[in-house]
Amino acid sequence: MAKTVVFVTNQYSCDRIIYAARIVAEETKTELNIIEILDSEYELNPQAIDYLYNLAKAVGATMRIVFTGDKLAVMREEIAQYDCSAVVTGMPSSHDSVLYDLWKEFPNKQFHTVDVSGELVDVACNRYATA
């Protein structure tokens, strides 16, 4: 079965990304897989990890936690490994965000971002990234 892959960090506010991704998974009739990437960017928060894990269970998703120093490599591997049709993330935090590289590298995947209010935004630029 095709999958919707979701990337989150260990912040409580990532719940909005999971809720939005559940909508994408339902609309595309795909399995929801959440990858929580932990690195040095955010302080480890065990309570937030537990909260997001329980939320993943509640929305019928699977969740894996990955500790890494290279989040772009993890994201690339997960997108390539899974038979995913959609990828859901938060918004790019800067012009140097790894998300821009992913959009260019996987132009055939359907990317969505979720803004701070929980609004789901389709990433149209990935379809033109190779032009």
Side-chain angles (χ1 to χ4, degrees):
M1 170 180 243
K3 295 172 178 46
T4 294
V5 175
V6 185
F7 294 109
V8 297
T9 59
N10 69 328
Q11 301 174 86
Y12 285 101
S13 62
C14 286
D15 61 355
R16 74 189 192 290
I17 299 170
I18 294 172
Y19 286 123
R22 175 79 263 159
I23 293 168
V24 172
E26 287 174 2
E27 288 177 354
T28 58
K29 297 180 179 21
T30 55
E31 187 177 294
L32 185 57
N33 292 96
I34 301 166
I35 313 300
E36 185 170 2
I37 299 177
L38 304 178
D39 63 9
S40 60
E41 185 175 349
Y42 299 104
E43 187 175 326
L44 190 62
N45 185 339
Q47 293 82 17
I49 293 169
D50 189 52
Y51 168 72
L52 295 174
Y53 174 77
N54 287 321
L55 178 58
K57 284 187 352 185
V59 300
T62 61
M63 184 171 123
R64 276 192 326 115
I65 299 171
V66 178
F67 293 88
T68 184
D70 187 352
K71 71 174 121 184
L72 179 58
V74 168
M75 295 170 94
R76 282 179 173 142
E77 181 180 316
E78 296 296 332
I79 292 170
Q81 174 184 330
Y82 282 111
D83 176 23
C84 77
S85 57
V87 179
V88 182
T89 67
M91 299 291 283
S93 58
S94 72
H95 293 296
D96 297 333
S97 173
V98 298
L99 295 177
Y100 297 111
D101 293 329
L102 286 177
W103 298 342
K104 289 177 187 171
E105 189 171 335
F106 297 98
N108 296 325
K109 302 295 181 187
Q110 183 182 18
F111 284 90
H112 306 275
T113 59
V114 181
D115 69 14
V116 294
S117 67
E119 187 75 26
L120 193 61
V121 179
D122 290 344
V123 178
C125 66
N126 68 314
R127 290 164 184 80
Y128 307 107
T130 57

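Just so it is clear, the structure is predicted and the values come from calculations on it, not from any experiment.
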Item to check | Residue pair Thr30, Met1: steps toward the side-chain contact (heavy atoms from CB on, under 4.5 Å) verdict | outcome: CA-CA 7 Å; Thr30 55; Met1 170 180 243; 5.5 Å; no

Next on the checklist: Does Thr89 form a side-chain contact (heavy atoms from CB on, under 4.5 Å) with Met75? I'd like the steps, not just the answer.
Outcome noted: CA-CA 11 Å; Thr89 67; Met75 295 170 94; 4.3 Å; yes

Checklist entry - Does the side-chain contact (heavy atoms from CB on, under 4.5 Å) test come out yes or no for Tyr53 and Ile34, once each step is laid out? => result CA-CA 9 Å; Tyr53 174 77; Ile34 301 166; over 6 Å; no

Checklist entry - Would Tyr19 and Val114 satisfy side-chain contact (heavy atoms from CB on, under 4.5 Å), going step by step from the backbone distance to the final call? => result CA-CA 10 Å; Tyr19 286 123; Val114 181; over 6 Å; no

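Among residues two or more places apart in sequence or in another chain, the side-chain hydrogen bond (donor to acceptor under 3.5 Å, both in side chains) test is passed with Tyr51 by Asp15. Arg16 meets the salt bridge (Lys or Arg N to Asp or Glu O under 4.0 Å) test with no other residue; sequence neighbours excluded. Partners of Asp101 according to the salt bridge (Lys or Arg N to Asp or Glu O under 4.0 Å) rule, which considers only residues two or more places apart in sequence or in another chain, do not exist here. Under the side-chain hydrogen bond (donor to acceptor under 3.5 Å, both in side chains) criterion, Asn10 pairs with no residue at all, not counting sequence neighbours. Glu78 is linked by a salt bridge (Lys or Arg N to Asp or Glu O under 4.0 Å) to Arg64, counting only residues two or more places apart in sequence or in another chain. Take Glu119 and apply the salt bridge (Lys or Arg N to Asp or Glu O under 4.0 Å) test, not counting sequence neighbours, and it matches no residue.
Under the 4.5 Å side-chain heavy-atom criterion for ILVMFWY residues, a single connected hydrophobic cluster contains both Tyr100 and Val74. Taking hydrophobic clusters as Ile, Leu, Val, Met, Phe, Trp and Tyr residues chained together by side-chain heavy-atom distances below 4.5 Å, Met91 does not share a cluster with Val98. Under a hydrophobic clustering in which Ile, Leu, Val, Met, Phe, Trp and Tyr are joined whenever their side-chain heavy atoms come within less than 4.5 Å, directly or via other members, Ile23 and Val5 fall into different clusters. With hydrophobic clusters built from ILVMFWY side chains whose heavy atoms lie under 4.5 angstrom apart, Val8 does not share a cluster with Val116. Ile35 is not connected to Leu55 by any chain of hydrophobic side-chain contacts under 4.5 Å among Ile, Leu, Val, Met, Phe, Trp and Tyr, and they are in different clusters.
Looking only at distances, no side-chain donor or acceptor of Asp50 sits under 3.5 Å from a matching main-chain atom of Pro46.
Ile17 contributes atom CD1, which lies 13.5 Å from atom NE2 of His112 (distance to the nearest 0.5 angstrom). For the atom pair CG (Leu72) and CD (Glu105), the distance works out to 7.0 Å, reported to the nearest 0.5 Å. Rounding to the nearest 0.5 angstrom, the gap separating the CG atom in Asn45 from the CG atom in Leu52 is 9.0 Å. Going from atom CG of Asp39 over to atom CG of Leu44 covers 11.0 Å, rounded to the nearest 0.5 Å. In this structure, Leu102 CG and Lys109 NZ are separated by 12.0 Å, a value rounded to the nearest 0.5 Å. Going from atom CZ of Arg22 over to atom OG1 of Thr4 covers 8.0 Å, rounded to the nearest 0.5 Å.
Under a cut-off of 6.0 angstrom, the local environment of CD in Glu43 is sparse, with at most 12 non-hydrogen atoms contributed by other residues, nucleotides or ligands.
When each of Ile18, Ile49, Val66, Val6 is checked for a side chain to side chain contact (heavy atoms under 4.5 Å, CB included) with Glu36, only Ile49 meets the rule. With Val87 as the partner, the side chain to side chain contact (heavy atoms under 4.5 Å, CB included) test is satisfied by one option alone out of Ile79, Leu99, Thr113: Ile79.
With no hydrogens or angles considered, a side-chain donor-acceptor pair links Thr62 and Asn33 at under 3.5 Å. Side-chain atoms of Asp96 and Ser94 include no donor-acceptor pair closer than 3.5 Å.
For the pair Trp103 and Pro92, the tightest heavy-atom approach, listed with the atom from each and the gap, is CH2-CG, 3.7 Å.
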